Protein chains: 2
Amino acid sequence: MVVMVAGAAHGRSRRSLADVVDACRAAVLAEVAETGFGRLAVEGVARRAGVAKTSIYRHWPSVEELLLDALSHAHPVEVATPGGGNLRSDLLRSLEQLVGWLGAPTAPAVAAILNERQRRPDLVEALYTRVFDTHGGRFTRTVIEHYAERGEIDARLVTPIVVDIGEALVIKHQIDTGQLPSAEVRAAIVDQAILPALCFPPVPDEGNST
Amino acid sequence: MVVMVAGAAHGRSRRSLADVVDACRAAVLAEVAETGFGRLAVEGVARRAGVAKTSIYRHWPSVEELLLDALSHAHPVEVATPGGGNLRSDLLRSLEQLVGWLGAPTAPAVAAILNERQRRPDLVEALYTRVFDTHGGRFTRTVIEHYAERGEIDARLVTPIVVDIGEALVIKHQIDTGQLPSAEVRAAIVDQAILPALCFPPVPDEGNST
DNA sequence: GACTGTAGCTACGCTAGCGTAGCTACAGAA
DNA sequence: TTCTGTAGCTACGCTAGCGTAGCTACAGTC
């Protein structure tokens, strides 16, 4: 059964500019999550967005530009700041924020671009300048530096290695399991890896979860 | 100028079975490193190996099977065992082995498959059972468990999180920079992150490198 | 030397995608 | 209501790849 839009000989309906742009941005993020970067295609994005290829080429010179544009508009902005609690609870919250970041709808697209680092360094650089640099993403680094400034941590222990422990373990967990770490695992990361590196010795009993 | 192989009307030369198999295995590893998994194609592998597509399809049902077969034969085998040194030097050597693993010619192929975890869990599972499980790859875990058995480390501190710190930081370094960590960075990882988690407190001065 | 399994080649009919040309027609502004 | 910028459509000529059929011919074994 064919339903015709009034007056439309083609049966076609035309959308507004803003509608087309929003549909394309959403479609490219979903498409790259499903296909990976290597099989991302303008035809696939147009199909998913329900637009013509010409509508894409009128706004973006390539599907890569559309992808970066979509990420600029959709990637979550970090809001982690030390909340006046203590070091441990602030570290836990920053890992929670990181996990939120890594689980955002944009995360597969970010991962897809990062996976192309050797082949497309230009894209990765653009990702950092157009998405990461404008959206923050310092997580545990922000917290550790804050407490170091307050004198609660020996500032000499705040090294590039140490501020990276938490994120490294979260990402490794995701690589190994395909899942983001639970609250229990995040607590273990804080208690068993981050705090010991800041001279808060590990407590080798059961340990208390959040 | 056309050079004809004696007696070959086609100008073609025919290789032995072993030669074809070796060429295909090497070609698929190089091809996937260059193209990524998404654009890996039988035609590209055949071209690079200098064989006909039919020669590939006679031995492997798909390019994925060829890739896993190639990895099974080429992936380095872990030889890290505690060498009778001390904990620190053994940890340094295990990270050196890991970096050797990650820098092996097979590493891009491994990464390409791991990047397809969401889309192709079957391939990732096959990677673990056919490649990882048979080639080891426990690195710092092996060292830490050895010293725990000897009583030099509180065994209660040897948790899944703690044994993963070193590899997590190495992999994070590679994700962030595209490079494998230098000896200096590896030493910092051992001194500032792994040892503190095992109750060997960090030394917040310059610290001695390897 | 004879035999056999298989390498190499080309063509096949197909899918998928690229980026644009040229057109119709409509959403939104004036 | 008129005007304009642009959405939607289809076709185009192209590249790239798939997996096999059918053939020739040769590497290696006996």
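For clarity, every value in this text was computed on a predicted model and none was experimentally measured. Residue numbers begin at 1 in each chain, while the letters A, B, ... track the order of the sequences.
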Chemist: Once you apply a heavy-atom cut-off of 4.0 Å, does A/Arg39 come out as touching a base, just sugar-phosphate, or nothing?
Modeler: nothing
Chemist: Between atom CG of A/Asp164 and atom CG of A/Leu169, what is the distance when rounded to the nearest 0.5 Å?
Modeler: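 Rounded to the nearest 0.5 Å, the CG-CG separation comes out at 10.0 Å.
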Chemist: Under 4.0 angstrom, heavy atoms only, what part of the nucleic acid is B/Ala41 near: base, sugar-phosphate, or nothing?
Modeler: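 The answer is sugar-phosphate, as B/Ala41 gets under 4.0 Å only of primed atoms, P, OP1 or OP2.
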Chemist: Charged N to carboxylate O under 4.0 angstrom, A/Asp69 versus A/Arg130?
Modeler: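 Salt bridge: no.
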Chemist: Hey, which of these two, A/Ser16 or B/Val63, hits DNA chain D nearer its 5' end, going by closest nucleotide?
Modeler: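 In this pair, the answer is A/Ser16.
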Chemist: Counting N and O atoms only, with roles assigned by atom type, does the side chain of B/Arg119 sit under 3.5 Å from a partner on the main chain of A/Ala33, one being a donor and the other an acceptor?
Modeler: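 Between the backbone of A/Ala33 and the side chain of B/Arg119 there is a qualifying donor-acceptor contact (under 3.5 Å).
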Chemist: The helix from C/dG1-D/dC30 to C/dA30-D/dT1: angle between its terminal axes, five pairs each, to 10°?
Modeler: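 About 30°, once rounded to a multiple of 10°.
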Chemist: If you find the nucleotide of DNA chain C closest to A/Glu43 and the one closest to A/Thr54, which residue's nucleotide is nearer the 5' end?
Modeler: A/Glu43
Chemist: Within this structure, what is the CD-CG distance for the pair A/Glu116 and B/Asn115, rounded to the nearest 0.5 Å?
Modeler: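 Here the rounded value is 8.0 Å.
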Chemist: Output all residues satisfying salt bridge (charged side-chain N to carboxylate O under 4.0 Å, His left out) with A/Arg120, sequence neighbours left out; order by chain, then residue number.
Modeler: A/Glu64, A/Asp122
Chemist: If a protein heavy atom is under 4.0 Å from the base, mark B; if only from the sugar-phosphate, S; if neither, -; do that for nucleotides 1-6 of chain C going 5' to 3'.
Modeler: ----BB
Chemist: Kindly compute the distance separating CZ (A/Arg117) from CG (A/Leu123), expressed to the nearest 0.5 Å.
Modeler: 11.5 Å
Chemist: Between D/dA21, D/dG8, C/dT20, spot the one nearest the side chain of A/Val51, thanks.
Modeler: D/dG8
